[in-house]
Each structure stands twice: as structure tokens, then as C-alpha cells.
Amino acid sequence: MKIEQMEKYKYIIKKSGNMRVPAIFYSTDKLVSFINNDNSLTQLTNVATLPGIQQYALGMPDMHEGYGFPIGGVAAFDAEEGVVSPGGVGFDINCGVRVIKTNLIYKDIQKHLNNLGKMLYSNIPAGLGSTGKLKFAKKEMRKILRDGIDWTIQKGFALREDAESIEEGGRMKNADPDYVSDKAIKRGKEELGSLGAGNHFLEVDRITEIYDEKVAKLFGLFKNQIVVWIHTGSRGLGHQVATDYINLMRDKMEKFHIPLIDRDLVSIPIASSEAKAYLKAMSAAANYAWVNRQIITYFVRLSFSGLLKDSPENLGMELLYDVAHNIAKFEKYKINGNERLLLVHRKGATRAFPPKCKELGRKYMETGQPVLLPGNMKVGSYILVGAENSINETFGSVAHGAGRIMSRHKALKQISFEGVVREMQENKITLMAKDKRIVREEAPDAYKDVDEVIKPILYYRLANLVAKSEPLIVIKG
DNA sequence: ATGTGC
């Protein structure tokens with residue numbers, strides 16, 4: 001496979017063989033070798049062969065190997081002639097990140113940190129197979145899947161304002177629980193309000209750097225501020241939806257004359273009834289993920305409130321934003337001068353819409369949307385704002401995190417639990433984790449350098465830096 | 001990512 005460097009931070013694999021478009025990926029001198037070391041570029045060129053793909057198959061700077069599609073991959077398909085691919089969404093449908101603000105500074109909670117960690121760890125179950133504090137009947141589940149955040153507002157888990165700070169308002173309107181299997185619903189009904197495992201986390205952080213005073217002020221961010229990060233998705237429910245539809249679609253591909261070049265790269269025409277069914281189920285799972293992050297938010301607010309003996313409102317615990325980074329959505333883009341409706345797949349990629357996008361609603365129309373980009377459990381995360389070039393260059397997308405540098409297997413071979421604990425202690429970060437193995441798999445060294453990852457994003461003005469956030473408490477599955 | 005698989 002011939003990789004050519006196009007520009008400082010941009011690489012291309014030109015169209016050849018069955019590729020319908022080139023594969024373009026954003027990277028740096030330091031990162032490019034890691035990308036070339038796994039199967040992600042082959043996966044990206046495979047994506048480039050799919051019917052109806054527009055312009056290019058894109059890799060974000062955090063790209064690494066995934067299931068069928070690379071993680072950190074973006075691909076847009078014509079709504080009429082293109083395909084939908086569950087692998088291009090990911091197993092964890094609407095895995096995403098949200099940040100809750102406070103009006104507290106470090107010294108307000110310094111002496112409470114230990115208790116706060118314990119309280120959060122007990123209120124928000126983490127780990128493989130973890131179940132939430134609340135259980136819901138199947139009938140309620142159907143409402144959750146259909147209404148997403150609207151359901152949480154009705155039930156008192158969300159403030160009305162929360163919905164304005166969530167991508168899509170926290171509700172995909174074409175969601176239909178009828179297309180979600182009983183098995184998926186059964187798996188999901190006990191897991192709402194739980195964190196799960198893998199790279200999912202809950203962090204209490206401190207804002208250590210403000211890069212853009214003006215935007216930070218509009219976002220309500222300031223130096224030394226305490227903020228809470230939540231990274232999780234649709235748990236077993238989304239996983240089951242993905243499994244159900246991948247199996248169903250794989251059997252149908254022959255009927256649509258789409259070659260299965262990779263067993264995991266299943267895709268079928270958007271216009272087909274099977275694709276429509278998947279999109280309704282995917283949307284329902286996306287709604288479930290938003291409800292999951294919202295119920296966790298409810299317990300975060302409750303924990304702070306109980307400990308500091310003040311209401312969440314008085315503590316300024318507003319939602320900054322909630323972004324999805326595993327999802328497919330219909331959006332309009334100009335292709336060769338004509339506006340076309342595309343189905344944009346973001347798999348381990350975050351939307352980064354600039355100002356004036358009508359999807360952003362009143363709250364972020366003038367600034368552009370907050371972009372939440374976690375680094376690792378030691379160095380922390382960045383908050384950016386979507387910028388003008390993302391629309392023309394990346395279908396309004398950027399990286400979703402630092403991206404793995406080591407496979408889970410390699411991390412287990414090279415990294416010890418004690419080593420990570422020491423590293424965290426040296427940085428005065430409280431680490432609370434359910435599983436030692438996952439701590440090793442998710443160790444800071446298992447991830448790329450997030451400062452490298454954001455270089456292409458900033459250079460091409462896909463998003464601009466607003467603030468840096470560093471961990472005080474880390475809760476892992 | 002996931003009751004690490006039929």
C-alpha cells in the first residue's frame with residue numbers, strides 16, 4: 001500500500017483497485033508509524049470501496065484498528081445511492097463524552113476529595129457487567145428508547161436546559177423500539193446509570209489552562225474550575241443491537257451485490273428496508289446511551305450535592321456538552337457545488353460543528369460546538385470548539401481521543417498494575433478501579449500522545465483549543 | 001466496546 005504525504009499533517013492512499021475514492025488521513029511524523037503498524041489503513045481502503053461513498057474515506061489522527069472500520073474513521077455516503085455499515089458506527093452505539101461544569105475551584109473540594117471519590121464510586125457502578133442503581137420495566141424501556149433525554153426530563157433526571165447541551169438534543173427522532181430485539185432490551189434494562197468497562201471512565205478534573213479566554217467565558221469555563229467528565233455508551237443494549245443487525249445484514253449482502261471484502265465490513269444500501277430497520281434501532285440505542293449518561297449525571301449531581309450540602313443549581317452543575325463519537329447521522333454537505341444529503345458515519349470520531357450550523361441550536365450557534373477530547377487518565381483532556389474548516393475537510397469531524405497505541409494484549413504484556421498506580425500517585429491522582437487488568441490495558445502508555453493528536457486538528461483549523469482539564473479522581477471499570 | 005464464543 002503506497003502512502004503519500006500530501007501536506008504537513010495530511011496523507012493519502014490514492015484510488016486503486018476497487019476503491020471508489022482515495023483514503024486520506026491526518027497524522028504527524030511521530031504518529032504515522034503507529035498507524036502503519038496495525039490494520040487500520042487496510043480497513044480505511046476497504047471503506048473506500050463501499051457504494052455511494054463521497055469524496056474520501058477519512059482517518060482522524062487518533063486512528064487505529066477497529067472492527068471492520070478503523071476507530072477514528074469518518075465516511076459519508078449518499079443518502080440515496082450509499083450504504084450504511086454497523087461497523088462504521090461501532091458496537092458501542094453512541095459511545096460518547098460529556099462534561100459537567102461546577103462553580104467550585106480546587107480548594108473548595110480539596111478536603112472532600114477522598115469522600116467524593118468514594119461516593120461517586122458507590123453511586124455509579126463501574127466494571128464489566130455492572131448494573132445501575134435503578135431498574136426499569138420493559139414498558140418504560142420502550143419510552144426510554146423512543147424519547148431519550150425527553151424521558152429523563154419528564155422523570156426528573158435532567159434539567160430542561162440539559163437538552164440544549166446535548167448533540168441532537170439527546171433524542172434521535174427516528175428511533176423505534178419495535179426494531180430493538182427483546183434480548184437487547186433485556187440486557188439494557190438493568191444497566192442504565194452504569195459506566196461499563198474498557199476505556200469508559202468518570203473523572204473529577206481541574207481546569208489547568210485556558211487557551212481562548214473569550215470562548216472559555218462563553219462556555220462558562222475558567223482556570224482552576226472543577227469539572228466532571230463522563231465517558232460511556234449504550235452498554236449491553238447497543239452491543240446487542242449491533243450484533244443483531246450485523247448478523248442480519250451479512251446474510252443480505254449477496255442480494256444487494258455488495259462484495260464482502262472483510263467479514264466484518266458488513267454494509268447494505270440505505271434505501272433497503274433492512275438498513276432502515278438498523279437506523280431505527282441504532283437511533284433507539286443512541287437514545288439509550290444519552291439516558292445512561294444523563295442518569296449518571298443525576299448521580300454525580302446528587303453526590304456533590306450530598307457532600308457539599310448545597311443544591312446542584314447553587315454548585316453550578318450545568319452540562320457543558322455531550323458529544324456522540326460512535327454514530328451515523330444524516331447531514332447536508334456541498335458535493336461538487338450541489339447540496340446532498342449524506343449519511344455520515346463517525347466511528348471513534350467526534351462531531352466538531354463550527355458557528356452558524358443550525359444543528360447547534362441557540363446555545364452554541366454563535367460559538368460553535370464544544371468538542372470533548374480525552375487524552376489519558378494521567379495527562380487529562382482537552383476542550384475545543386468546532387471551527388470553520390471541519391465542514392469542508394472532514395464532514396464536520398475530529399478525533400475522539402488520543403487513540404490506542406498498544407493493543408490490549410500488548411499493554412498487558414508490558415504494563416504492570418503497580419506501575420500505573422505509582423504513576424497516578426506521583427501525579428496526585430486518585431485512581432479507583434474495579435479491575436486491575438483493565439487499568440493495565442487503559443494505562444497512559446497504552447495511548448498515543450494527545451498533544452500530537454491535536455496538532456493536525458489545530459493546524460487545519462478543524463477545531464480550536466479552549467481549555468485543558470487534568471484529573472484529580474479517576475474512576476474506571 | 002461486550003454476560004470476551006455457537
Side-chain angles (χ1 to χ4, degrees), chain A residues 38-40 43 62-73 85-98 125-132 135 180-202 230-248 250-251 263-266 281-282 285-286 288-290 292-293 296 323-328 345-350 374 376-377 400-404 406-412 433-443 446-447 475-477:
Chain A
D38 67 15
N39 207 27
S40 55
Q43 292 182 331
D62 57 337
M63 180 168 70
H64 57 100
E65 188 177 330
Y67 176 91
F69 239 76
I71 294 162
S85 172
V89 171
F91 273 85
D92 190 2
I93 295 165
N94 189 8
C95 186
V97 181
R98 67 165 57 185
L128 194 64
S130 52
T131 53
K135 318 274 182 231
V180 177
S181 68
D182 283 345
K183 195 175 176 186
I185 290 177
K186 201 176 165 198
R187 283 179 74 174
K189 62 190 211 171
E190 296 195 344
E191 291 181 334
L192 279 169
S194 68
L195 207 53
N199 61 6
H200 292 165
F201 64 77
L202 188 146
I230 296 166
H231 176 209
T232 185
S234 51
R235 310 284 286 103
L237 182 136
H239 193 273
Q240 190 62 48
V241 167
T243 306
D244 290 343
Y245 280 91
I246 285 168
N247 290 336
L248 180 144
R250 191 182 279 121
D251 295 337
R263 200 183 173 273
D264 299 333
L265 189 62
V266 172
M282 181 208 75
Y288 177 93
W290 277 313
N292 189 31
R293 292 198 283 277
I296 292 173
V323 293
H325 58 223
N326 274 8
I327 203 161
H345 293 57
R346 297 192 181 90
K347 200 248 188 104
T350 298
N376 66 48
M377 62 167 90
H400 82 310
R404 295 198 74 86
M406 283 183 204
S407 66
R408 293 185 181 279
H409 182 74
K410 193 174 169 193
L412 289 177
K434 272 266 147 28
D435 188 323
K436 288 184 178 181
R437 194 186 73 169
I438 285 172
V439 169
R440 289 155 68 206
E441 288 176 353
E442 295 297 321
Y447 280 84
I475 294 175
K476 293 287 300 173

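Remember, it's a predicted structure, so these values are computed and weren't measured experimentally. The chains referred to below are lettered A, B, ... by the order of the sequence lines, with proteins before strands, and numbering in each begins at 1.
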Legend entry - Length of the line joining H200(A):NE2 and dT2(B):P, which is rounded to integer Å: 5 Å
Inset, instruction - Would you kindly give the CZ-to-P distance between F91(A) and dT4(B), to the nearest whole Å? - result: 14 Å
Inset, instruction - Find the distance H409(A):NE2 to dT4(B):P and express it as a whole number of Å. - result: 19 Å
Legend entry - Separation of dC6(B) P from R263(A) CZ (nearest whole Å): 9 Å
Legend entry - Charged N-O contact under 4.0 Å between K410(A) and E441(A): no
Inset, instruction - Please state how far atom CZ in R408(A) lies from atom P in dT4(B), giving the value in whole angstrom units. - result: 13 Å
Inset, instruction - Could you tell me whether G236(A) contacts a base, only the sugar-phosphate backbone, or nothing, with contacts defined as non-hydrogen atoms closer than 4.0 Å? - result: sugar-phosphate
Inset, instruction - Under 4.0 Å between any heavy atoms, over every strand shown, what does E191(A) touch: base, sugar-phosphate, or nothing? Just pick one. - result: sugar-phosphate
Legend entry - Length of the line joining D244(A):CG and dC6(B):P, which is rounded to integer Å: 12 Å
Inset, instruction - Using a heavy-atom cut-off of under 4.0 Å over every strand shown, decide if K183(A) touches base, sugar-phosphate, or nothing. - result: base
Inset, instruction - State whether a side-chain donor-acceptor pair under 3.5 Å links H400(A) with H231(A). - result: no
Inset, instruction - Rounded off to whole Å, could you give me the CG-to-C1' distance for the L128(A) and dT4(B) pair? - result: 8 Å
Inset, instruction - Select base, sugar-phosphate, or nothing to describe what R404(A) touches, counting heavy atoms under 4.0 Å on all strands. - result: nothing
Inset, instruction - Report yes or no: do D92(A) and H239(A) form a side-chain donor-acceptor pair below 3.5 Å? - result: no
Inset, instruction - Whole angstrom is fine here: how far is it from OH in Y67(A) over to C1' in dG5(B)? - result: 13 Å
Inset, instruction - Assess the side chains of S194(A) and R235(A): does a donor N or O sit below 3.5 Å from an acceptor N or O? - result: yes
Inset, instruction - Determine the contact category for A197(A): base if any of its heavy atoms lies under 4.0 Å from a base atom, sugar-phosphate if only primed atoms, P, OP1 or OP2 are that close, otherwise nothing. - result: sugar-phosphate
Legend entry - Distance-only donor-acceptor check, side chains S234(A) and N94(A), under 3.5 Å: no
Inset, instruction - Please figure out whether H231(A) or R437(A) has its closest DNA chain B nucleotide nearer the 5' end. - result: H231(A)
